[in-house]
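Single-structure report; data block below.
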Amino acid sequence: MIPAMPAVSVSRTRQASHAVLRFGLVAAMGVVTALILIAGVWASWDTAPYVMLTKGREHGTVTVTDCAGDTCTGPYSPVSAGSTPRERVVIARTAAVRVGQTYSVVVKPGTDQVLRSGPAGILHAWTPLGGALLLASVVVAGGLRRPRVAWVLAGVGMALLTVVSLTV
């Protein structure tokens with residue numbers, strides 16, 4: 001006959017395995033959350049330095065004359081010293097870019113692309129981060145079981161996206 005294991009030993013083993021599984025879940029969800037936020041910053045950083053750190057960059061205006069697909073084009077008129085006029089530059093087509101309108105822009109160095117400048121350009125550049133904050137809030141609430149932190153992330157993301165939609 002095989003002796004029975006003490007109940008205390010089985011209970012401790014279950015507690016230990018539960019703790020290891022819980023740690024693994026928290027670690028995995030933490031990594032997913034971090035990756036989502038890093039991706040949001042990475043996507044925003046594609047345009048953010050050009051509109052935020054404008055010293056020494058070419059400043060001017062673009063009058064949108066044509067839109068096709070996800071881009072619009074128009075002539076560029078320089079405002080800053082050292083900037084040269086261009087017959088055609090490309091600006092991203094967003095809900096706020098309309099044919100016939102003139103926008104203050106910064107030229108992306110080495111290209112014919114221009115980016116909106118000023119508060120509207122800065123906010124538009126950080127839009128991907130707003131979406132990432134909203135997505136991360138779902139992971140934090142469900143995976144990490146931190147509802148207060150999730151509400152803060154969601155609130156900041158919604159505030160950013162709301163301000164962008166009102167400003168741009």
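Just so it is clear, the structure is predicted and the values come from calculations on it, not from any experiment.
- The side-chain contact (heavy atoms from CB on, under 4.5 Å) search around Leu25 returns Arg22, Met29, not counting sequence neighbours.
- Applying the side-chain hydrogen bond (donor to acceptor under 3.5 Å, both in side chains) rule to pairs touching residues 25-54 yields nothing, sequence neighbours excluded.
- Pairs of residues two or more places apart, or lying in two chains, never qualify as disulfide bond (SG atoms under 2.5 Å apart) while including a residue from residues 97-163.
- Judged as a side-chain contact (heavy atoms from CB on, under 4.5 Å), and not counting sequence neighbours, the contacts of Thr111 are Lys108, Gln113.
- Ser83 pairs by the side-chain hydrogen bond (donor to acceptor under 3.5 Å, both in side chains) definition with Glu58, Tyr76, not counting sequence neighbours.
- Pairs of residues two or more places apart, or lying in two chains, never qualify as salt bridge (Lys or Arg N to Asp or Glu O under 4.0 Å) while including a residue from residues 66-77.
- Legend: disulfide bond (SG atoms under 2.5 Å apart) pairs involving residues 28-79, not counting sequence neighbours, sorted by first then second residue: Cys67-Cys72.
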### Chi angles and distances behind the side-chain contact (heavy atoms from CB on, under 4.5 Å) call for Leu160, Val156
CA-CA 6 Å; Leu160 177 59; Val156 171; 5.5 Å; no

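- Other members of the hydrophobic cluster containing Val31, listed by chain and number, are Leu35; membership follows side-chain contacts under 4.5 Å among ILVMFWY residues, whether direct or relayed.
- Under the side-chain contact (heavy atoms from CB on, under 4.5 Å) criterion, Thr63 pairs with Thr102, sequence neighbours left out.
- Both Val163 and Val51 are members of a single hydrophobic cluster when ILVMFWY side chains are connected at heavy-atom separations under 4.5 Å.
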#### Entry: Derivation and outcome, side-chain contact (heavy atoms from CB on, under 4.5 Å), residues Thr71 and Arg93
CA-CA 5 Å; Thr71 60; Arg93 184 177 191 177; 5.6 Å; no

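- Residues satisfying the side-chain hydrogen bond (donor to acceptor under 3.5 Å, both in side chains) criterion with Thr65, sequence neighbours excluded, are absent altogether.
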### Task
Kindly determine whether Leu37 and Leu133 satisfy side-chain contact (heavy atoms from CB on, under 4.5 Å), including the steps that lead there.
CA-CA 7 Å; Leu37 294 176; Leu133 286 166; 3.7 Å; yes

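- Partners of Val149 according to the side-chain contact (heavy atoms from CB on, under 4.5 Å) rule, which considers only residues two or more places apart in sequence or in another chain, are Val140, Arg146, Leu153.
- Hydrophobic cluster membership of Leu134, counting Ile, Leu, Val, Met, Phe, Trp and Tyr whose side-chain heavy atoms lie under 4.5 Å apart directly or via other members: Met158, Leu161.
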